[in-house]
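In this text the structure is predicted, and so the values were computed from the model without any measurement. Read the numbers this way: they start at 1 and go in the same order the structure lists the ligands and their atoms. Residues: numbered from 1 along the sequence shown.
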Amino acid sequence: MQLPGTERINEAGHLEIGGCDSLLLAERFETPLYVLDETSIREAASRYIHSFEAEGLPFQVLYASKALCTMAVLQIVHDEGCQFDVVSAGEIYTALAAGIEPNALYFHGNNKTAKELRYAIDTHVGHIVIDNLDELTRLQEILRQRETTMRVLLRVTPGVEAHTHEYVQTGQEDSKFGLDLLSGQAMAAAQRANEDPHLILDGLHCHIGSQIFTLASFELAIEKMAAFAARLQTELGIQIPWLNVGGGFGIRYTEEDRPFTPEAYVHAICQATRHAFTSRHMPVPGVMIEPGRAIVGPAGTTLYRVGVRKEIPGIRTYIAVDGGMGDNIRPALYQARYEALLANRAAEVPQERVSIAGRYCESGDMLVYDAFLPKVHVGDLVAITNTGAYTYSMASNYNRVPRPAMVLVKEGQADLIIERERLESLIAFDRVPQRLRSLSAINAVAG
Ligand code: LLP
């Protein structure tokens with residue numbers, strides 16, 4: 001199996017991440033544990049940025065915070081030169097708390113509330129990405145009241161949807177996101193934005209999917225966006241300074257995944273943009289991308305302790321670990337596939353097929369089916385790689401299980417960046433009505 005980032009098997013036969021022995025990490029911080037490799041995050045972010053530098057177009061790399069939004073992660077990515085795609089007041093708040101300048105934030109979302117829009121305006125978020133006409137109305141109203149201006153991009157549904165291994169053109173543009181081209185919503189929004197002195201139309205945005213392994217889907221989307229930009233120019237006299245083509249760059253979860261390099265994705269996007277605009281005799285806009293998974297996915301490894309080995313002869317051997325769908329919902333939700341290894345006996349030859357089950361009360365709580373591992377014993381440490389994206393950020397307290405801690409590792413140093421939740425934190429927001437108080441007092445004493 002191919003180990004991502006700085007991962008290697010050390011002299012003791014243990015998995016080492018960022019120069020830290022995973023057994024020591026598990027002992028010190030307990031399990032389940034998210035381990036995040038700082039070098040891997042920095043390298044991914046800087047490769048996207050350097051790829052653009054080689055292309056010579058104005059550019060911005062926006063990290064899609066939804067993949068993993070913690071103050072430390074945002075600071076690292078910012079340090080590498082990224083700006084940010086944020087989708088809620090919570091993500092804006094986290095970025096501001098991390099010391100990121102509000103101007104570096106692009107506020108996305110298909111239903112931004114008036115409260116969130118006001119918060120974004122009052123905290124001087126740099127751009128709002130307008131998703132639909134109702135939001136535009138809401139934003140115009142607030143800006144009028146506040147007597148202030150806002151830079152905006154328009155999120156357009158280009159009618160291209162990329163699936164994992166192919167792309168399709170969705171004729172009906174059936175999506176909850178964005179302003180669609182066919183019905184004229186995108187054109188109407190552009191006209192309204194152009195006429196409103198409170199709005200500065202800085203460009204267009206599209207996002208065609210996630211974990212994309214085809215360049216053609218990006219190229220087709222860019223072609224459609226350029227055609228729309230040409231209409232804006234001829235019909236409304238609007239020039240588009242920026243084209244944001246969204247995120248979705250694939251990563252290698254298992255050996256079947258064959259992602260392009262950052263250089264290849266960026267080159268294809270820049271080439272397609274140059275071609276689509278110059279062939280229409282239009283100035284080539286600056287290009288933005290919004291990678292999330294590709295920046296943090298490979299940097300994450302989750303460590304779990306094996307608590308149960310259950311053999312059902314002729315059927316399956318279940319290995320139950322101390323985490324699961326609460327810390328990584330992706331296998332249960334999307335049938336996402338991961339690779340696993342035994343972190344404490346990483347150099348041993350695999351000899352059995354086992355299925356790694358979570359600890360949550362649901363049959364679907366399976367992390368990896370049919371992993372090929374050395375003989376697994378109770379007490380072993382299982383590592384699942386490439387878990388940096390959409391795991392912690394989608395974690396829950398299902399079964400009232402506290403969410404795990406996260407440590408950042410680099411060159412042999414390990415620092416806690418998310419504390420493990422405690423039992424008290426689980427009830428921190430519970431409230432008991434007065435008429436039930438006597439009961440809870442009795443229980444509290446009993447507990
Ligand atoms: N930009 C926009 C507007 C997006 O909606 C997304 C992801 C991204 C950028 C970043 O996409 P990425 O580069 O990370 O693929 N929870 C799912 C993924 C949902 C993606 C939502 N939007 C998963 O675990 O696979």
Side-chain angles (χ1 to χ4, degrees), residues 34 41 44-45 47-48 60-69 73-74 77 82-88 91 105-112 127-132 135 152-158 160-165 167 175-179 203-215 217-218 221 225 242-254 257 259-262 265-266 269 287-300 302 325 327-338 367 384 386-396:
Y34 296 111
I41 299 180
R47 267 182 83 176
Y48 275 98
Q60 283 295 345
V61 176
L62 315 183
Y63 167 61
S65 316
K66 61 186 78 81
L68 176 59
C69 187
V73 168
L74 298 189
V77 177
C82 292
Q83 300 201 356
F84 297 89
D85 149 3
V86 289
V87 295
S88 65
E91 288 189 354
L105 307 181
Y106 288 71
F107 186 24
H108 279 273
N110 73 310
N111 186 9
K112 307 174 188 79
H127 285 82
I128 291 180
V129 184
I130 295 174
D131 186 274
N132 55 71
E135 174 191 326
V152 297
L153 303 182
L154 297 183
R155 176 166 182 168
V156 173
T157 322
V160 178
E161 193 187 331
H163 292 299
T164 306
H165 293 289
Y167 66 88
S175 169
K176 76 167 185 175
F177 295 107
L179 297 148
L204 301 177
H205 170 277
C206 64
H207 172 77
I208 54 172
S210 206
Q211 187 66 348
I212 299 172
F213 293 120
T214 54
L215 299 178
S217 38
F218 284 107
M225 296 297 280
W242 289 96
L243 177 64
N244 182 334
V245 299
F249 313 106
I251 65 165
R252 185 194 170 285
Y253 284 105
T254 71
D257 297 328
F260 289 98
T261 59
Y265 281 118
V266 168
I269 286 168
V287 176
M288 295 181 192
I289 57 167
E290 295 171 338
R293 188 192 316 270
I295 305 285
V296 292
T302 315
M325 65 190 292
D327 57 79
N328 185 357
I329 187 77
R330 300 192 69 257
L333 194 57
Y334 315 117
Q335 289 75 51
R337 293 184 55 224
Y338 287 92
L367 285 169
I384 297 189
N386 293 294
T387 57
Y390 303 110
T391 53
Y392 173 75
S393 68
M394 298 177 80
S396 77

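Side chain of Asp131 to backbone of Gly178: a donor-acceptor contact under 3.5 angstrom is found. Although no hydrogens or angles enter the test, the distance criterion places a donor-acceptor pair under 3.5 Å between the side chain of Ser393 and the main chain of Ala67. Checked by atom type and distance alone, the side chain of Asn386 pairs as donor or acceptor with a backbone atom of Arg252 at under 3.5 Å.
If you check the side chains of Ser175 and Thr157, you find no donor sitting under 3.5 Å from an acceptor.
Asp257 and Gln211 make their closest contact through OD2-NE2, 4.0 Å (heavy atoms, listed as atom of the first residue, atom of the second, distance).
Annotation: Gly209 places no N or O atom under 3.5 Å from an N or O atom of ligand 1; distance criterion only. Residue contacts with ligand 1: His108 is placed with no nitrogen or oxygen under 3.5 Å of a nitrogen or oxygen of the ligand (distance criterion only).
Each of Val77, Val266, Ile289 was evaluated against Val61; a single residue qualifies, Ile289, per the side chain to side chain contact (heavy atoms under 4.5 Å, CB included) test.
At a heavy-atom cutoff of 4.0 Å, ligand 1 is contacted by no atom of Ala67, backbone or side chain. Residue Phe177 does not touch ligand 1, judged by heavy-atom distances below 4.0 Å. Under 4.0 Å from ligand 1, the heavy atoms of Asp85 that appear belong solely to its side chain.
With ligand atoms numbered from 1 in the order given, ligand 1 contributes 12 (P), 13 (O), 14 (O) to contacts under 4.0 Å with heavy atoms of Gly292. Close approach of ligand 1 to Ser210 is summarised as follows: ligand atoms under 4.0 Å from at least one heavy atom of the residue are 11 (O), 12 (P), 15 (O), 20 (C). Listed by number with element, the atoms of ligand 1 under 4.0 Å from a non-hydrogen atom of Pro291 are 13 (O). Under a 4.0 Å criterion applied to the non-hydrogen atoms of Ala64, ligand 1 contributes the atoms 8 (C), 9 (C), 10 (C). Of all atoms in ligand 1, listed by their number and element, those nearer than 4.0 Å to a heavy atom of Arg155 are 3 (C).
In this pair, Phe218 and Tyr265 present their aromatic rings perpendicular. The plane angle is above 60°, beyond the 30 to 60° band. Under the 30°/60° scheme for interplanar angles, the aromatic rings of Phe249 and Tyr48 are found to be tilted.
Using a 4.5 Å heavy-atom cutoff, the side chains of Thr261 and Arg47 are in contact.
Regarding atom 16 (N) of ligand 1, its nearest protein heavy-atom neighbour is Tyr334 OH, 2.7 Å. Of all protein heavy atoms, the one lying nearest to atom 20 (C) of ligand 1 is Tyr390 OH, 3.7 Å.
Aromatic rings from His108 and His205 are positioned such that their centres are separated by under 6.0 Å.
Look at Ala389 and you'll find every heavy atom at least 4.0 Å from all atoms of ligand 1.
The nearest non-hydrogen atom to atom 4 (C) of ligand 1, considering only Met288, Lys66, Glu290, comes from Lys66. Selection from His207, His205, Arg330, Met394 by nearest heavy atom to atom 8 (C) of ligand 1 gives His207.
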